[in-house]
Amino acid sequence: MPKLIKGVGCPYCGSSCDDIEVLVSDDETRILEVHNACIIGTNLFHHANDPTRPRLPRQRQPDGSVKEIPYEEAIDYFAKTLLAAKKPLIYGFGSTNCEGMSAVGRIAEKAGAVLDNCATICHGPSFLAMFDNGYPSCTLGEAKNRADVVVFWGCNPMHAHPRHTSRYSIFPRGYFTQKGQMQRTVLCVDPRETDTAKLADHHLMLDQSHDYELFDAFRTVLRGFDIPEVVAGIPREKIKEAAEIMKKAKFCMIFFGMGCTHTDGRNHNIDAAISLTRDLNEHTKCSIMAMRGHYNIAGPGQVWSWQFGFPYCIDLTKGSHAHMNPGETSSIDLAMRDEVDCFVNVGTDAGAHFPIQAVQHLKKHPWITVDPNFCMASEIADLHIPVRIAGVDEPGVVYRMDNVPIQFRAVIKGLPGVPSDEELFDMVYERMCELTNTAPIWLAAKEDRKYPQNPAVI
Ligand code: SF4
């Protein structure tokens, strides 16, 4: 009898929906149906059935071809390559669980590596602004239950976080927002007429990369001063009208995305957005939230802050202390300056999403990809190690975009012999300890670790 599993988490976008239902075959090896998820989440679950999913590591040969090798060999190569490198870069972690993020910390310390995650090319500027200016935020539950004015600034959830508007921000009926969408005024600030803009009551179609000026204009109006006739392509009256709507809200919620972090000004745009949020709190209640991209990209920020005190761009090369300085210790900057001599891609696709010049620099050195699937990063790698898919055939803790932790479950059995990220990193760490003749340092929790003691059995 097929089994319906409820309360499943979707391992795709930062909405981290945890109300998915999955029908699995009676032997728990195949996903038959997916309910409640958007099309992206549905496809992700069905993709786990793909019979061509890699089951063994694949290593590039001297003639350029790739050959399948046993896990023991891959782990040995991984450990030796990291130890031989002067400054390895371990990057990714948007799409894995917190257990894997924690386990990689031991390897990074042992290798004297730089540890970085996808925030570096995504909401990293938001972190910089938060360091400078704080983060007056809340949970998505508060947005759902209280927000009567919702602002989407430089983000397009209808495409990037498809169920965000139905679960948290526009349509749901919350405790104080029982009329749902009818009770909410939606503003969208975007240079394009996106599908989110089409949903909004007011669309401020600003000139691209002029967000900073527009934030400033809002702040100026809120303080009772006059502004020029047109700012960032938006007429003064429209800005005043939007500022008035935000000011008169019972609870104003500002969501922002790559339209702010990837355009001119970057962290300064977010700085201004946070200051606007603070200014609005002189008049009403207002909160701001970064539309974090991957389902657990908030995870490395949490886990590594506990471990090292920094959320990303963590330089462990000194051996005695961690150091963070985006611009100096960030992945793209390190790659462009040719400062790293080994690249490890985990749970992301730097091959597809890094600028080509950065990829060309990184490709001069050993490149190891740890990923459940074939992707650009696996196809250009010297070694590709498949792992289980967190949230599909591996359980684990993830942090939603509002930093709320959620326990994701596994819905099907993993491919035989394929380890999780955590198991793989633990085995690489043990091999590094063997090679350096040092004793592994395990946290108390790790004494109960679940992976086989002898890699030969997997
Ligand atoms: S909105 Fe995001 S988390 Fe929710 S089902 Fe779609 S892809 Fe998955």
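We count ligands from 1, going down the list as the structure has it; atoms in each ligand are counted the same way.
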Within the heavy-atom cut-off of under 4.0 Å, ligand 1 is lined by C10, Y12, C13, S16, C17, A37, C38, G41, P162, R163
Without swapping roles, check the side chain of H161 against the backbone of R292 for a donor-acceptor pair under 3.5 Å. yes
Would a distance-only check, ignoring hydrogens and angles, find a side-chain to backbone donor-acceptor pair under 3.5 Å from R184 to P172? yes
Quick one: sort the Y91 and F343 rings into parallel, tilted or perpendicular, breaks at 30° and 60°. parallel
Aromatic ring pairing F93/F425, orientation class (parallel under 30°, perpendicular over 60°, tilted between): tilted
Between Q183 (side chain) and D148 (backbone), is there a donor-acceptor pair under 3.5 Å? no
Do the side chains of D402 and Y168 get nearer than 4.5 Å, heavy atoms only? no
